[in-house]
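Here the structure comes first, spelled out in structure tokens, and everything after it is commentary.
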Protein chains: 2
Amino acid sequence: MKEKSHLLLKEQLCFPIYATSRMVTRLYQPWLDKLGLTYPQYLVMLVLWEEQKLTVSQLCKRLYLNTNTVTPLLKKLRDKGLVAKERSTEDERTVHIELTQKGDKLKSQAEEIPANLVEAIDMPLEELKQMRELMWKFLSKFD
Amino acid sequence: MKEKSHLLLKEQLCFPIYATSRMVTRLYQPWLDKLGLTYPQYLVMLVLWEEQKLTVSQLCKRLYLNTNTVTPLLKKLRDKGLVAKERSTEDERTVHIELTQKGDKLKSQAEEIPANLVEAIDMPLEELKQMRELMWKFLSKFD
DNA sequence: TATGATTATATCGCACACGACAAAAATAAA
DNA sequence: TTTATTTTTGTCGTGTGCGATATAATCATA
């Protein structure tokens with residue numbers, strides 16, 4: 001008897017996560033355009049709106065991203081005048097990131113986004129929450 | 001009374017999907033290295049192992065990707081000798097993609113991947129299935 | 001049967017992600 | 001206190017994703 005392959009697309013975890021992630025990015029696009037932010041830049045801003053000030057490595061940890069991704073992102077955000085970078089005096093290896101006034105102000109423009117997205121996605125709120133919780137649980141394995 | 005912000009990272013859908021997707025990619029990496037494939041190249045192969053032969057646009061639809069992403073992927077896979085491209089004779093706009101013998105053979109090497117991944121993720125199988133189903137439901141909104 | 005619109009694929013440019021590696025500062029160990 | 005190791009940040013190269021656009025083939029319709 002020939003064994004059934006486990007490589008069917010429908011059975012994979014890799015594929016729907018990947019496709020869903022990109023699809024969500026597309027849904028955010030029109031709103032992020034209004035803010036003049038790319039998707040990863042928006043994620044950095046989300047953290048900063050919550051934390052006010054942290055180091056590059058703390059930011060990396062929060063986002064599960066490497067410095068070689070975050071450093072150029074921060075450069076772009078600084079060029080837009082949204083964040084400020086300052087090398088620490090106690091430990092000169094670390095760099096502190098904080099919002100500028102302009103960066104802080106952008107938050108109020110972003111407040112409308114979550115509700116609009118939920119509407120665009122058109123799925124029961126309960127299911128979205130479930131997805132979110134399962135993924136946070138997944139991510140917690142890698143802290 | 002000041003209203004609560006809805007921009008907390010924990011409440012977003014965008015962030016955990018994004019981070020989870022990248023994390024899953026990282027988990028696949030060591031096994032894909034053995035096959036000499038990148039992650040998106042692997043996804044293309046998953047479709048082809050299931051379909052044998054289809055057009056570029058059908059492949060794009062299956063993967064929720066645009067041609068401008070898929071075309072270079074196919075070029076790479078052809079360079080590796082895994083797929084063949086042939087312009088259709090009935091409709092000369094379309095290009096048919098099919099596995100080479102080498103591409104077909106790679107499938108048996110890939111069969112071990114799913115089980116290894118489930119083990120690496122270390123989450124109840126039921127929850128992984130739940131995530132998968134929710135995401136497929138989400139994706140179906142965009143067919 | 002012209003010709004304007006649509007479709008299928010491809011090219012180009014920009015912005016990530018990330019592995020490999022580099023540089024500088026801090027810490028630990030001999 | 002040298003010296004080796006670790007930590008923090010950064011640079012560089014490769015491979016996607018995707019918007020904008022190009023090109024060629026097909027279709028629709030006057």
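Every chain is numbered from 1, with letters handed out A, B, ... down the list of sequences. All values reported here derive from a predicted model rather than from experimental measurement.
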*List for me each residue that meets side chain to side chain contact (heavy atoms under 4.5 Å, CB included) alongside B:Lys105, sequence neighbours excluded, and say none if there are none.*
none
*Pairs in or reaching into residues 50-66 of chain A: which pass salt bridge (Lys or Arg N to Asp or Glu O under 4.0 Å), with residues at least two apart or in two chains?*
A:Glu50-A:Arg62, A:Glu51-A:Arg62
Write down the protein N/O and nucleotide N/O pairs, taken from nucleotides 21-23 of chain D, whose separation is under 3.5 Å; answer none if there are no such pairs.
none

_side-chain hydrogen bond (donor to acceptor under 3.5 Å, both in side chains): pairs with one or both residues in residues 65-80 of chain B, sequence neighbours excluded_ = B:Gln41-B:Lys80
*With heavy atoms under 4.0 Å as the rule, sort B:Thr67 into base, sugar-phosphate or nothing.*
base
*Is a donor-acceptor contact shorter than 3.5 angstrom present between the side chain of B:Asn68 and the base of D:dG19?*
yes
*Taking DNA chain D as the partner, which of residues 83-93 of chain B come within under 4.0 angstrom of it by heavy atom?*
B:Glu90, B:Asp91, B:Glu92, B:Arg93
*Give a yes or no on whether the backbone of B:His96 and the side-chain of B:Lys85 come within a donor-acceptor separation of less than 3.5 Å.*
no
*Residue pairs, two or more places apart or on separate chains, that pass ring-ring contact (aromatic ring centres under 6.0 Å, His included) and touch residues 123-143 of chain B*: A:Phe15-B:Trp136, B:Phe138-B:Phe142
_Interface residues of residues 26-58 of chain B with DNA chain D (non-hydrogen, below 4.0 angstrom)_ = B:Thr38, B:Pro40, B:Gln41
_Neighbours of DNA chain C within residues 73-82 of chain B, by heavy-atom distance under 4.0 Å_ = B:Lys75
_Pairing residues for B:Glu92 by the side chain to side chain donor-acceptor pair (under 3.5 Å) criterion, not counting sequence neighbours_ = none
*Under 3.5 Å: donor-acceptor pair, side chain of B:Thr100, backbone of B:Gly81*: yes
_Whole-Å distance separating the CG atom of A:Leu63 from the C1' atom of C:dC18_ = 15 Å
Taking only distance into account, with no hydrogens and no angle test, what donor-acceptor pairs under 3.5 Å do side-chain atoms of residues 7-14 of chain B form with protein atoms, sequence neighbours excluded?
residue: B:Glu11; atom: OE2; partner: B:Lys4; partner atom: NZ; Å: 2.7
residue: B:Gln12; atom: NE2; partner: B:His6; partner atom: O; Å: 2.7
residue: B:Gln12; atom: NE2; partner: B:Leu8; partner atom: O; Å: 3.2

_Run the side chain to side chain contact (heavy atoms under 4.5 Å, CB included) test against A:Glu133 and tell me which residues pass, sequence neighbours left out._
none
*Of all heavy-atom pairs between B:Leu32 and B:Ile113, which one has the smallest distance, and what is that distance?*
CD2-CD1, 4.1 Å
*Quick one: B:Asn66 CG to D:dG19 C1', roughly how many Å, whole number?*
9 Å
*Donor-acceptor pair, A:Thr20 side chain versus A:Ile17 backbone, under 3.5 Å?*
no
_Earlier contact from the 5' end, DNA chain D, for B:Thr69 and A:Val95_ = A:Val95
*Take B:Glu127 and B:Arg132 through the test salt bridge (charged side-chain N to carboxylate O under 4.0 Å, His left out) and record every step on the way to the result.*
CA-CA 9 Å; B:Glu127 291 183 352; B:Arg132 204 178 58 191; over 6 Å; no
_For atom CD1 of A:Ile97 and atom P of D:dT8, their distance in whole Å_ = 15 Å
*Any side-chain N or O of A:Thr71 less than 4.0 Å from the OP1 or OP2 oxygen of D:dG10?*
yes
*What integer distance in Å separates A:Arg22:CZ from C:dC16:P?*
17 Å
*Could you note down all residue pairs passing ring-ring contact (aromatic ring centres under 6.0 Å, His included) where residues 41-66 of chain B supplies at least one of them, sequence neighbours left out?*
B:Tyr28-B:Tyr42
